[in-house]
Amino acid sequence: MNQVDYLRISLIDRCNFRCLYCMPEGTDLEYALQQNLLTHAELLTLINEVFVPVGFTRFRLTGGEPLIRPGVVDIVRAIAALPETQDLSMTTNGFLLADLAQELYDAGLRRINISLDSLEPETFDKIIGHRGRSRWQQVWDGIQAAYRVGFNPLKLNVVVIPGVNDQEVLDLAALSLDREWHIRFIEFMPIGNASLFGDRGWIASEELRQQIRDRWGLTEGEVRGNGPADVFRIPGAKGTLGFISQMSECFCDRCNRMRLSADGWLRPCLLNEDEQIDLKTALRSGVPTAQLRAQVRKLLQLKPEINFKQRDSGTQSGAYSRTMSQIGG
Ligand code: SAM
């Protein structure tokens with residue numbers, strides 16, 4: 001097993017988009033009440049007194065949509081300033097990024113992943129569940145702003161959905177040719193939304209790679225990220241292509257992460273609901289942080305077993321109760 005030193009922190013479970021694979025239309029999403037979100041101070045207490053002492057040094061801010069969390073720049077600044085922080089990154093839909101990119105950079109954020117599922121405004125709006133004036137351009141402006149400000153690496157996340165955006169794989173891959181952008185193709189994962197696309201929900205990464213190979217050729221990249229992506233490069237391209245293949249391959253042996261939800265649940269594996277710990281309630285009831293550290297250490301020891309054994313059934317109820325946006329993707 002890898003060392004587990006990477007914590008994905010959801011800052012808020014709400015989002016200004018409703019992507020059809022993440023918050024399917026018609027699903028009744030229950031958001032955490034404002035008073036149940038970890039406060040800025042509670043989050044820092046958990047990082048300083050629980051997560052850092054047990055070995056976490058790399059943090060990613062996500063959501064929901066992290067940029068709608070009030071005070072997000074202050075949270076970035078506080079985490080970036082910790083001497084133990086070796087890496088701080090963010091995953092965002094980019095809609096509010098054009099105005100915030102410089103402030104985030106100045107606060108110490110250096111790495112950013114932006115979700116961009118389509119280059120066609122109409123398809124894009126369909127995926128993000130938006131009617132009315134297209135939101136594509138604003139997201140594109142956010143990406144350009146992040147690039148200008150100097151975020152490096154700048155990664156674009158694409159969830160490939162058959163019949164919706166799979167015809168754009170080559171166009172999206174081509175974004176890596178002239179710019180140092182890293183495009184990552186993600187297999188759709190049926191979590192909290194199993195029936196969404198029936199049995200045609202995802203396309204195996206190898207199929208996408210073959211399309212790209214046929215067009216330009218593809219060399220295995222020299223960049224081995226910290227995460228689950230297999231990284232390749234079109235010969236001569238400035239950027240890379242990553243493939244996150246959680247459906248067609250098992251990369252549990254490389255898993256180095258846990259997830260903290262906006263309401264303070266620590267989840268040892270994306271697919272595991274049963275072993276979560278409610279750190280917020282414990283903290284608010286006055287449980288000493290030394291005790292929370294011990295609980296998290298125990299969960300770290302159990303993680304290898306949780307990853308493999310409970311991969312297909314990480315919930316006793318048979319269905320996950322939280323979607324990706326609620327867990328913190
Ligand atoms: N709002 C931010 C965003 O759009 O990037 C951060 C949260 S979002 C949950 C994080 C990432 O999870 C996005 O790249 C999204 O495409 C991905 N994602 C969400 N639901 C997914 C699913 N069911 N399968 C695979 N990836 C998913």
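Computed over heavy atoms, backbone and side chain alike; hydrogens, waters and symmetry mates excluded. Whatever order the structure lists ligands and atoms in, that order sets their numbers, starting from 1.
- Annotation: D117 places no N or O atom under 3.5 Å from an N or O atom of ligand 1; distance criterion only.
- The shortest N or O to N or O distance between I186 and ligand 1 is not under 3.5 Å.
- Around CD of Q34, the count of heavy atoms belonging to other residues, nucleotides or ligands within 6.0 Å does not exceed 12.
- Of all the atoms in ligand 1, the ones that sit under 4.0 Å from a non-hydrogen atom of G64 are 1 (N), 2 (C), 6 (C), 7 (C).
- The distance criterion of under 3.5 Å between nitrogen or oxygen atoms is met by N157 with respect to ligand 1.
- A cation-pi geometry, defined here as NZ or CZ lying under 6.0 Å from the six-membered ring centre and within 45° of its normal, does not hold between R257 and Y6.
- Contact check for L271 versus I306: no side-chain heavy atoms found under the 4.5 Å cut-off.
- Ligand 1 places these atoms under 4.0 Å from at least one heavy atom of C22: 9 (C), 19 (C), 20 (N).
- For the pair F56/L300, a side-chain contact is recorded, criterion being any heavy-atom separation below 4.5 Å from C-beta on.
- Here N113 has no heavy atoms under 4.0 Å from ligand 1, in either its backbone or its side chain.
- Judged by the 6.0 Å and 45° rule, R209 forms a cation-pi pair with F243.
- A cation-pi geometry, defined here as NZ or CZ lying under 6.0 Å from the six-membered ring centre and within 45° of its normal, holds between R110 and Y105.
- Taking the charged nitrogens against the carboxylate oxygens, R77 and E103 have no contact shorter than 4.0 Å, which rules out a salt bridge.
- Every heavy atom of C19 sits 4.0 Å or more from the atoms of ligand 1.
- Contacts of N93 with ligand 1, taken as heavy-atom pairs under 4.0 Å, involve both backbone and side chain.
- Atoms of ligand 1 found under 4.0 Å from any heavy atom of E187 (numbered from 1 in listed order, with element): 25 (C).
- For ligand 1, one of its N or O atoms has an N or O atom of M189 under 3.5 Å away.
- Only the side chain of T62 comes within contact range of ligand 1, with a heavy atom under 4.0 Å; no backbone atom does.
- Between the T219 side chain and the R233 main chain, a donor and an acceptor come within less than 3.5 Å of each other.
- Interface of E65 with ligand 1, defined as ligand atoms under 4.0 Å from a residue heavy atom, comprises 1 (N), 2 (C).
- Set against the non-hydrogen atoms of V159, the atoms of ligand 1 under 4.0 Å away are 16 (O), 26 (N).
- Taking the side chain as every heavy atom from C-beta outward, W140 and L119 approach each other to under 4.5 Å.
- The closest heavy-atom contact to atom 5 (O) of ligand 1, among the options S115, S10, C15, comes from S115.
- In this structure, of T91, L20, I127, the residue bringing a heavy atom nearest to atom 10 (C) of ligand 1 is T91.
- Using a 4.0 Å cut-off between charged side-chain N and carboxylate O, E273 and R267 make a salt bridge.
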